[in-house]
Structures are given as structure tokens and as C-alpha cells.
2 protein chains.
Amino acid sequence: MYTETAMLRLGAPLRASERAYRQLRGEILNGLLAPGAALLEVEQAERIGVSRTPLREAVARLIADGLVVGRRGRGFEVTDISVDSISELYELRQALEVQAIRLAATRREPAPFQELREAFVTAPELLDQGDLGVHRYYALIDEFEDAVDAAVENPFLVGALRAVRTHLARIRRLARSNPRRLRAAAAEHLLIIDAIIAGDPSLAAHATHIHLHQSLLSVLAAIKEDSER
Amino acid sequence: MYTETAMLRLGAPLRASERAYRQLRGEILNGLLAPGAALLEVEQAERIGVSRTPLREAVARLIADGLVVGRRGRGFEVTDISVDSISELYELRQALEVQAIRLAATRREPAPFQELREAFVTAPELLDQGDLGVHRYYALIDEFEDAVDAAVENPFLVGALRAVRTHLARIRRLARSNPRRLRAAAAEHLLIIDAIIAGDPSLAAHATHIHLHQSLLSVLAAIKEDSER
DNA sequence: GATCACATTTGTGTATACAGAAACCGCAAT
DNA sequence: ATTGCGGTTTCTGTATACACAAATGTGATC
């Protein structure tokens with residue numbers, strides 16, 4: 001049935017279960033599969049074009065990620081995002097990021113953060129360049145997170161952070177940040193990066209604390225605004 | 001993260017995948033399946049008495065738990081525990097527990113912690129009563145953790161903590177604590193409990209920080225001692 | 001005796017068949 | 001109109017068969 005030429009390590013040797021996982025995960029993260037959406041094994045297997053076995057494996061991973069919950073007897077459904085759950089997620093996020101930043105400030109190689117610093121200085125200009133600029137800005141944040149992860153050198157901590165970021169991606173979708181907030185966030189990031197470069201864990205931790213506090217306020221405000229409209 | 005409670009009525013026969021998961025997990029945690037042990041699907045499926053499909057589901061969950069890693073091409077193996085990984089785990093643990101304790105001190109209902117306090121006061125006596133006493137002591141710690149989890153009321157945070165505790169169980173096995181350390185730990189717990197009762201998040205957090213610091217030192221010392229013998 | 005080609009074995013990834021349980025529907029009885 | 005009951009349908013959980021890849025063994029050839 002599967003006459004794909006050899007398992008090319010780089011190309012498209014994705015297993016069916018992997019394809020199913022990525023597709024479902026992507027659809028959940030970008031909101032195509034809305035919270036509460038009920039999904040059935042056969043239905044989804046058919047839609048994605050894999051059989052039930054790999055689909056079940058994919059769903060098991062999504063459940064482990066906390067993106068999906070099994071329903072008694074009747075398939076599974078996409079977890080929903082309540083305002084309470086956002087605050088709860090941020091309580092976890094704060095603990096993890098503060099610790100990560102603290103360790104990064106202790107262990108970092110300054111060079112990559114110097115580069116990031118220069119990029120973040122130009123971030124406000126970036127944010128004047130419309131959608132493309134905003135996209136570039138988010139890419140910058142990703143780079144920053146990668147640099148922190150690399151500096152932390154702790155698979156447990158980085159793994160936990162990655163799980164949190166998965167949920168954050170969904171939250172960002174339903175609470176689009178406004179440009180003013182993004183500009184403020186860029187300044188906050190700059191402060192954090194400076195603290196990391198300076199090798200000052202305590203300053204970096206506190207700057208992160210504040211950044212996340214503001215971030216949560218902004219998200220909650222955006223959601224409240226949306227729901228009142 | 002499975003919600004098996006909803007799925008399984010009391011006494012109902014466990015699903016094969018659930019049986020396989022619990023058995024393998026138990027065997028890994030108590031060291032029966034040693035770190036590095038190579039496991040093959042067919043072999044394990046036969047041994048446990050389930051077919052390959054549920055076994056694969058069980059293994060997928062173990063991989064998500066971080067207890068098992070897939071090997072390139074050839075089966076899977078139990079993750080090993082290096083000294084480095086213990087320190088790394090404690091870096092994550094510290095972030096989570098400090099946050100949890102902080103929140104618990106803020107949100108707690110004092111009553112259950114008052115009860116725990118009384119129990120912990122008698123802990124030193126317990127530790128003079130041999131193996132049974134030690135066992136009772138560990139049960140007390142579990143109660144404390146449950147009380148904290150309940151007070152925290154944050155599924156994300158509690159979930160992350162549970163994952164950490166899974167790995168701690170393995171570490172405890174290979175670094176048996178001595179009675180002196182346990183007595184000191186009991187005193188540290190008492191301090192934490194008092195801070196929670198007093199509703200003093202900062203004091204509780206710092207007491208936790210110190211407790212975990214001592215705990216890590218003790219674990220590392222015990223391992224060093226073992227490896228030198 | 002060494003090396004290469006090829007067959008055999010072993011093991012994973014996937015599809016599918018089958019059984020049992022839960023939800024659904026219609027009908028009857030109150 | 002509502003509730004209780006049985007048959008039907010649908011869906012999951014499990015076993016198993018098959019395909020393909022990797023590792024291993026074996027024999028022929030030099």
C-alpha cells in the first residue's frame with residue numbers, strides 16, 4: 001500500500017501517526033478545530049486519510065499535551081479555554097519562565113543575546129510595518145525563547161515550558177494583542193535581555209515577572225473586550 | 001493525562017492498555033525495569049498478556065511521561081537517571097513547588113493544614129519505629145502534597161508537579177534517605193506548614209526553597225556514597 | 001580466507017476485522 | 001406528556017494480518 005521510496009531521513013518519510021498528530025495539533029492551535037468540538041475516530045481517520053490505529057496514537061499524544069480530552073464512551077473533544085484556565089496557565093508559566101530566565105542569566109553565553117538585543121532595539125520600527133512586521137516580531141520572540149532554552153540547558157524545564165507555550169499559542173489566537181501592547185512588550189523583552197547579558201539573575205527574574213504580569217493583564221483585557229462586543 | 005476515573009466504574013475490569021501502562025510504569029518506578037533496559041513490543045506484549053496495539057498505547061504514554069525513550073529503529077528503552085538529570089529535575093521541581101506553596105499559602109483553608117501540623121509534630125517519634133514508621137512518614141508526606149495540590153487549585157501546575165513526582169519516585173529508590181535526613185526534613189515541612197497556616201506566602205516559599213536545597217544535597221550525597229562503595 | 005550477494009529473521013508501522021458497550025430511537029404504557 | 005423498555009446503530013477497544021525496513025546469517029565466488 002505504501003510504495004514510498006525508502007525512508008529518506010530528511011524528506012517526507014513521515015509516519016501516518018505523525019502526520020495525523022501534526023495536522024490535528026495545527027488545526028487545534030489555529031482554531032480550525034474549535035474548543036469543545038467533538039471528534040470521532042472513524043470520522044477523523046477518514047478525513048485525514050489514515051487508518052484508526054495511527055489516529056488513535058495521535059489522539060493519545062494530544063491528550064497528553066492537554067489539547068484534547070477523552071469523553072466517556074463518545075469519542076474525544078478539544079479542550080476549551082476559560083478565563084480561569086488562562087490565569088491558571090499563567091501561574092504555571094510564571095514559575096517556569098522566571099526560573100528559566102534566572103538560569104539563563106547565570107549560564108548564558110553573551111554573544112547570542114547581544115545579537116538579539118540589537119534586533120529587539122529595532123522592534124518598534126518593525127511594528128510600524130503592518131502585518132509582515134508583526135509576523136517578523138513574533139519570529140523574534142521565538143528566537144529569544146530558543147536562545148533562553150539553549151542557555152538553560154535543562155530538558156525538564158524546557159520541556160515543561162514547551163508544553164505551556166503550546167497552550168499560549170491558542171490563547172494568543174483568541175486575544176490578538178494590539179500594537180501598543182506589542183511595543184511595550186518589546187521594551188520589556190529588552191530589559192530582560194539586558195539583565196541576561198549583564199549576568200544578573202535576580203534582575204532578569206523580576207523583569208520577567210513584570211513582563212508576564214503585564215502580558216496576562218493585556219490578554220484578559222482583550223478577551224473581556226471581545227466578549228463585550 | 002488520562003481521565004480514567006470517569007471512564008472506569010469501580011471494580012470494572014481495566015482496559016488492556018491501562019493494565020499494560022500501570023504494570024510497566026510500576027516496574028520502571030520500582031526499578032524492576034532498570035534504566036537502559038531495552039524493551040521490544042512483541043516481547044513485552046506477550047509477557048504482560050496483551051496484544052501489541054494496547055501495548056503501543058501504553059508505551060506512548062510512558063514516552064510522554066519521560067520514563068521511556070524510543071530508540072532509532074530498534075524498540076524502546078527505559079530512560080536512565082544521571083546525576084546531572086537529578087539536578088536538572090530539581091531545578092524544575094523548585095520552580096513548581098515554590099510557586100505551588102506560595103499559592104497554597106494564599107488560598108488555603110487552614111483546617112487541613114492544622115491537622116497536618118499535628119501529625120508532623122509527632123513525625124520524629126514515628127521515625128524511631130523502624131520500617132513501618134518510615135512508611136507512615138512517607139504517607140504523611142503524600143497527604144501534605146495532596147493538601148497543597150487541593151489548596152493550589154490549578155490543574156496546570158498540579159499536573160506539572162505530578163510529572164516531577166513521578167521522576168522523584170525513581171530517584172528516591174536509588175538514594176535511600178537516612179533517618180537523620182528524614183528527621184530534618186520533617187522539621188522543614190513543619191516550618192512550611194506553619195507558614196501556610198499563617199498565610200505567609202513569602203515565608204512559605206523561602207522555607208520550601210531551603211527544604212529542596214537540603215533535599216537535593218542529601219540525594220546527591222547518598223548517590224555519591226553509594227557509587228563509592 | 002575474505003568478501004559480497006542474497007535469503008532469512010526480526011521488528012515496527014499500518015490496516016482491518018471483530019466483539020462488546022454505550023447512545024439513540026421508536027413504541028408502548030401510565 | 002412522560003417514562004420505561006427493547007432493538008438497532010454506532011463507536012471504541014483489542015487482536016491480528018500484512019507490508020516494509022533493518023539486521024543477521026549463509027553460501028558462493030574470488
Side-chain angles (χ1 to χ4, degrees), chain A residues 1-25 28 33 36-65 67-79, chain B residues 1-25 28 33 36-65 67-79:
Chain A
M1 214 115 290
Y2 224 81
T3 10
E4 303 279 329
T5 22
M7 294 271 277
L8 299 171
R9 301 267 190 285
L10 296 165
L14 285 180
R15 290 168 308 186
S17 64
E18 186 68 26
R19 260 187 300 139
Y21 173 69
R22 294 197 190 175
Q23 178 166 346
L24 286 174
R25 189 174 191 279
I28 291 171
L33 288 175
L39 305 177
L40 271 35
E41 276 184 23
V42 275
E43 174 186 301
Q44 295 301 313
E46 209 161 299
R47 187 173 69 88
I48 296 176
V50 303
S51 81
R52 284 181 53 218
T53 308
L55 184 102
R56 283 174 66 92
E57 198 173 314
V59 170
R61 288 174 66 188
L62 293 170
I63 290 175
D65 290 345
L67 292 174
V68 153
V69 287
R71 296 199 302 185
R72 201 165 60 88
R74 212 70 174 177
F76 52 94
E77 79 179 43
V78 180
T79 54
Chain B
M1 254 146 261
Y2 265 68
T3 53
E4 64 254 14
T5 38
M7 202 122 185
L8 307 165
R9 283 176 314 196
L10 231 62
L14 292 174
R15 300 190 310 267
S17 64
E18 185 68 25
R19 257 187 303 138
Y21 174 70
R22 293 197 190 176
Q23 178 166 346
L24 286 174
R25 189 173 191 279
I28 292 171
L33 287 175
L39 306 177
L40 271 37
E41 276 184 24
V42 275
E43 176 186 300
Q44 295 301 313
E46 210 160 299
R47 186 173 69 87
I48 295 176
V50 302
S51 82
R52 284 181 52 218
T53 309
L55 184 103
R56 283 173 66 91
E57 197 173 315
V59 170
R61 288 174 65 186
L62 292 170
I63 290 176
D65 290 345
L67 292 174
V68 154
V69 287
R71 298 195 302 186
R72 41 201 152 85
R74 216 66 175 176
F76 51 95
E77 77 180 43
V78 180
T79 54

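Order of the sequence lines fixes the chain letters, A, B, ..., with proteins taken first and strands second; residue numbering starts at 1 for each chain.
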How long is the line joining [atom1] of [X] and [atom2] of [N], in whole Å?
| X | N | atom1 | atom2 | result |
| --- | --- | --- | --- | --- |
| B:E18 | D:dG13 | CD | P | 11 Å |
| B:R15 | C:dA22 | CZ | P | 12 Å |
| B:R19 | D:dG13 | CZ | P | 14 Å |
| B:F76 | C:dT12 | CZ | P | 8 Å |
| A:E57 | C:dT12 | CD | P | 12 Å |

Legend entry - Close side-chain approach of B:L24 and B:R47, heavy atoms under 4.5 Å: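 In contact.
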
Inset, instruction - Could you give me the CA-CA distance, side-chain angles and deciding distance for A:R19 and A:I48, then say whether side chain to side chain contact (heavy atoms under 4.5 Å, CB included) is met? - result: CA-CA 9 Å; A:R19 260 187 300 139; A:I48 296 176; 5.6 Å; no

Inset, instruction - For the pair A:T79 (side chain) and A:L67 (backbone), establish whether a donor and an acceptor sit closer than 3.5 Å, ignoring hydrogens and angles. - result: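 Between the backbone of A:L67 and the side chain of A:T79 there is a qualifying donor-acceptor contact (under 3.5 Å).
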
Legend entry - Residues B:R61 and B:E18 bridged, charged N to O under 4.0 Å: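 Between B:E18 and B:R61 there is a salt bridge, with a charged N closer than 4.0 Å to a carboxylate O.
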
Legend entry - Minimum heavy-atom distance A:A20-A:V50, with the two atoms named: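 Looking at all heavy atoms of both residues, the shortest contact is CB-CG2, 4.3 Å.
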
Legend entry - Phosphate OP1/OP2 of C:dG13: any A:S17 side-chain N/O under 4.0 Å: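 False: A:S17 side-chain N/O out of range (4.0 Å or more) of C:dG13 OP1/OP2.
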
Inset, instruction - Check whether any side-chain nitrogen or oxygen of B:R56 sits under 4.0 Å from OP1 or OP2 of C:dG13, and answer yes or no. - result: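 Yes, within the criterion.
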
Inset, instruction - Mind listing the residues from residues 40-53 of chain A sitting with a heavy atom below 4.0 Å of DNA chain C? Number order is fine. - result: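 Going residue by residue through residues 40-53 of chain A, the ones with a heavy atom under 4.0 Å of DNA chain C turn out to be A:V50, A:S51, A:R52, A:T53.
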
Legend entry - Residues forming a salt bridge (charged side-chain N to carboxylate O under 4.0 Å, His left out) with B:E41, sequence neighbours excluded: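 For B:E41, the residues satisfying salt bridge (charged side-chain N to carboxylate O under 4.0 Å, His left out) (neighbours in sequence not counted) are B:R52, B:R56.
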
